[in-house]
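So you know, we letter chains A, B, ... as the sequences are listed, proteins then strands, and number each from 1. Here the structure is a predicted model, which means the values were calculated and not measured. Scope of the values below: all heavy atoms of this structure, side chains included, with no hydrogens, waters or symmetry mates.
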Amino acid sequence: MSTNPRGRFGIHGGQYIPETLMNAVIELEAAYDHYKNDKQFNAELTELFNNYAGRPSRLYYAKRMSEDLGGANIWLKREDLNHTGAHKINNVLGQALLAKKMGKTRLIAETGAGQHGVATATAAALFDMECVVFMGAEDIERQALNVYKMKLLGADVVSVNTGTATLKDAVSEAMREWTSRIDDTHYCLGSVMGPHPFPTIVRDFQAVISKEIKEQFIEIKGKLPDAVIACVGGGSNAIGSFYHFINDPFVKLIGCEAAGRGIDTFETAATINTGRLGIFHGMKSYFCQDEQGQIAPVYSISAGLDYPGIGPEHAYLHDIKRAQYVAITDEEAVQAFEYLSRMEGIIPAIESAHAVAYAMKYAKELDSSKDIVVTISGRGDKDCVSVARYRGQEISE
Amino acid sequence: MSRIHEAFENKKAFIPFITCGDPDLETTRKIVLAMVENGADLIELGIPFSDPTAEGPVIQEADNRALKAGATTETILAFAKELRKEVSVPMVFMTYANVVYSYGAERFLTAAEEAEIDGLILPDVPYEEKEEFDSLCAAHGIDLISMIAPTSKERITMIAKEAKGFIYIVSSLGVTGVRSEINTDIVSLVSLIREVSDIPCAVGFGISSPKQAAKMASVSDGAIVGSAIVRIIAEKGKDSVPYVSEFVKAMSEAVHSSQI
């Protein structure tokens with residue numbers, strides 16, 4: 001899906017940022033346009049993907065799960081097996097390499113669940129760059145292990161206490177930091193959101209997921225899958241999983257949003273299902289907001305999906321009905337988290353468990369001639385404490 | 001054209017900012033009247049937003065207080081209309097794109113025009129995105145204010161050529177808030193603007209003392225002060241009128257007596 005010159009996906013996207021940052025994003029776009037077709041750059045990135053991150057990730061046939069559900073065949077795209085345990089590393093390696101080529105010496109990032117923060121801290125260590133990660137105080141509490149990892153990797157973790165002290169506030173604070181220090185600093189945005197060119201850059205680096213799914217699936221089955229399912233917060237693993245199938249109209253694309261305690265409650269983060277059109281964090285898209293345009297304090301058990309907006313390309317895919325966005329509650333996600341652990345011996349991230357939960361429902365509607373690919377965007381070690389707490393059990397790490 | 005130019009006629013302009021509804025709209029009214037009485041030439045009225053990404057902690061907290069106290073875009077638009085009966089200096093709204101967009105830009109600007117608001121500042125709407133707001137603003141006789149930052153460089157000419165009302169020069173990198181010193185070469189920024197436009201230029205971000213205000217006004221056409229005023233309101237609340245009056249008097253005298 002190509003964007004028009006100012007980074008629009010239909011009416012969504014754009015560059016709604018302070019003038020102070022405009023030249024920074026213009027320079028980033030120019031650098032990206034140069035390097036994206038540069039042989040040397042792509043060779044270096046492929047080398048990092050394969051020998052550092054462990055790509056290609058496996059496409060695994062979940063036999064027990066498929067048989068147990070008694071419907072479609074379920075295939076798991078194992079992004080959880082990547083180095084650092086999630087898809088986030090794909091984007092971070094791309095952006096860090098780009099930043100290095102641009103002469104930047106410092107990476108800043110926001111993080112929700114901590115996966116993007118850990119990935120950025122990892123790349124900063126690898127490329128010998130300074131790293132500062134902004135994380136909501138609430139999330140620091142929820143994801144103590146990832147906070148320790150980031151520090152171990154040499155990053156500074158800044159606790160954000162403003163607003164709801166979660167992912168949206170971490171993004172705001174990272175943007176403020178970038179406004180105050182641009183020359184040596186690249187803002188390594190973690191999802192397909194923010195001002196142009198970020199939604200395009202992040203999508204391109206994550207598109208390796210669908211490129212591999214397509215190749216792997218054709219090799220195994222000699223056809224395309226019938227559906228691809230992924231969880232959506234900002235939407236980077238989902239757009240990565242969808243991208244190379246967008247022009248294959250018979251492949252259903254399904255994004256799973258976090259419904260929290262339900263889309264009929266205020267404690268939800270399901271942007272497409274409960275939000276409306278707005279302008280925030282550099283982009284026009286759908287946002288959870290009140291009648292006066294104040295951004296809503298969203299909620300999900302998953303720190304990584306706990307964001308009031310969605311990337312502009314998803315908003316567009318929703319508008320043109322190319323992708324469908326469904327809402328999964330905390331309870332459904334926790335059940336899927338437990339189900340996949342017992343059924344396949346794979347503990348998924350609670351974010352990814354939202355995609356698993358929908359696949360469990362959807363597979364039953366289809367017969368065994370159909371094939372569903374579910375992206376397991378990350379591993380679930382980080383979530384064991386909070387899922388145990390959800391089940392009324394206190395454990396310490 | 002709005003009456004913004006009147007603020008800069010034959011003098012340097014002192015432009016104070018205040019967040020509407022912090023701590024309540026009645027206090028905002030008293031403070032605005034006191035600021036005008038003490039020499040303010042143009043008033044910047046902030047409409048609070050939940051997530052103001054260009055603001056430092058002082059104005060972020062003011063926005064939070066105002067929203068918690070129940071201020072809404074709706075009540076502030078009605079408030080501005082009443083306030084206009086008592087205030088004759090130019091007034092501009094300062095808020096974020098989503099506040100206007102979500103309310104409905106046409107509906108917002110219709111109400112703003114009824115309140116005889118002269119300008120609108122949207123710090124998250126740069127030159128590239130201004131068209132969708134600018135044409136509507138123009139239709140309602142409201143100037144969409146352009147900002148120029150220390151990083152603007154070759155963008156200055158393009159922005160200045162189309163700027164309306166006045167140009168808001170961002171004094172330094174970063175977000176709003178008090179700074180001990182400002183090192184940007186404002187003289188060069190202004191001279192680049194002057195090559196293509198004679199529009200008034202006021203400097204804001206980080207100005208907190210009469211000395212700084214005089215210095216910034218001496219190399220431009222005026223000084224904008226926000227956080228230093230909001231900080232007083234944070235501390236004194238409903239009792240802040242005399243304290244803000246005293247501060248504004250010192251600041252406006254410094255600005256008005258500054259020379260090129």
Side-chain angles (χ1 to χ4, degrees), chain A residues 5-8 11 13-27 29 160-164 168-183 185 194-196 275-285 287-297 308-309, chain B residues 47-57 60-61 63-64 67 71-76 95-105 108 122-133 146-156 159 167-170 172-177 179 205:
Chain A
R6 275 161 54 198
R8 292 281 171 175
I11 61 166
Q15 294 180 306
Y16 298 89
I17 48 172
E19 170 60 21
T20 305
L21 287 176
M22 277 308 298
N23 264 325
V25 297
I26 290 168
E27 280 167 24
E29 183 179 9
V160 178
N161 287 296
T162 53
T164 49
K168 109 181 137 72
D169 309 288
V171 174
S172 296
E173 215 46 42
M175 283 184 166
R176 291 182 183 117
E177 171 63 20
W178 202 26
T179 314
S180 69
R181 191 166 160 185
I182 299 167
D183 277 354
T185 300
H196 175 67
R276 62 191 174 88
L277 206 52
I279 296 169
F280 184 49
H281 279 162
M283 59 184 175
K284 184 178 282 182
S285 186
F287 295 95
C288 299
Q289 55 185 313
D290 73 11
E291 285 170 7
Q292 301 282 328
Q294 307 296 342
I295 303 302
Chain B
I47 302 178
F49 181 49
S50 54
D51 301 80
T53 48
E55 312 297 344
Q60 284 178 48
E61 284 159 21
D63 281 13
N64 282 341
L67 291 171
T72 65
T73 308
E74 185 107 45
T75 58
I76 290 167
T95 190
Y96 284 77
N98 201 50
V99 170
V100 176
Y101 187 76
S102 173
Y103 195 81
F108 180 93
L122 299 173
D124 55 348
V125 177
Y127 178 87
E128 279 74 0
E129 302 294 351
K130 78 182 168 85
E131 185 46 39
E132 80 181 285
F133 294 100
S146 295
M147 300 178 96
I148 283 176
T151 51
S152 295
K153 298 174 191 167
E154 70 282 2
R155 297 169 51 79
I156 292 176
I159 296 168
I167 286 177
Y168 190 133
I169 296 180
V170 177
S172 33
L173 294 181
V175 292
T176 57
R179 286 164 175 73
F205 277 43

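Residue contact with chain A, scored on non-hydrogen atoms closer than 4.5 Å, involves the backbone of P48(B) exclusively. Of the atoms belonging to D169(A), it is side-chain heavy atoms, and not backbone ones, that fall under 4.5 Å from chain B. When heavy atoms are compared at a cutoff of 4.5 Å, F280(A) approaches chain B solely by way of its side chain, counted from C-beta outward. Contact of L67(B) with chain A is made through the side chain alone, with heavy-atom distances under 4.5 Å. Both the backbone and the side chain of F49(B) have a heavy atom closer than 4.5 Å to some heavy atom of chain A. Residue E61(B) does not touch chain A at all, counting heavy-atom pairs closer than 4.5 Å. Proximity to chain A is limited to the side chain of Q60(B), based on heavy atoms less than 4.5 angstrom apart.
K130(B) pairs by the salt bridge (Lys or Arg N to Asp or Glu O under 4.0 Å) definition with D134(B), E162(B), not counting sequence neighbours.
Between chain A and the residues A97(B), P123(B), P126(B), P150(B), the largest count of heavy-atom pairs under 4.5 Å involves P126(B). Here P52(B) is the residue among S172(B), P52(B), S146(B), G56(B) with the most heavy-atom pairs under 4.5 Å with chain A. Across E177(A), Q15(A), M175(A), the residue that shares the most heavy-atom pairs under 4.5 angstrom with chain B is Q15(A). Chain A forms more heavy-atom pairs under 4.5 Å with one residue of L173(B), I148(B), T151(B), D124(B) than with any other, namely D124(B). Of the residues considered (I295(A), L277(A), L21(A)), I295(A) shows the highest number of contacts with chain B, using heavy-atom pairs under 4.5 Å. For the options N64(B), T73(B), V125(B), heavy-atom pairs under 4.5 Å to chain A are most numerous at T73(B). Per-residue heavy-atom pair counts under 4.5 Å with chain B were compared for P195(A), S172(A), P18(A), G163(A), and the maximum is reached by P18(A).
In terms of heavy atoms, K168(A) sits closest to A296(A) at CE-O, 4.3 Å. Considering all non-hydrogen atoms of both residues, F133(B) and I279(A) come closest at CZ-CD1, 4.0 Å. Between A149(B) and S152(B), the shortest heavy-atom contact is N-OG, 2.8 Å. Smallest separation of non-hydrogen atoms from R181(A) and T185(A): O-CB, 3.3 Å. In terms of heavy-atom proximity, R276(A) sits nearest to D290(A) at NH2-O, 2.9 Å.
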Give the intermediate values and the outcome of side chain to side chain contact (heavy atoms under 4.5 Å, CB included) for residues R155(B) and Y127(B). CA-CA 9 Å; R155(B) 297 169 51 79; Y127(B) 178 87; 4.0 Å; yes
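Residues E55(B) and T176(B) have side chains in contact (heavy-atom distance under 4.5 Å, counting atoms from C-beta outward).
Side chain of T95(B) to backbone of I47(B): a donor-acceptor contact under 3.5 angstrom is found.
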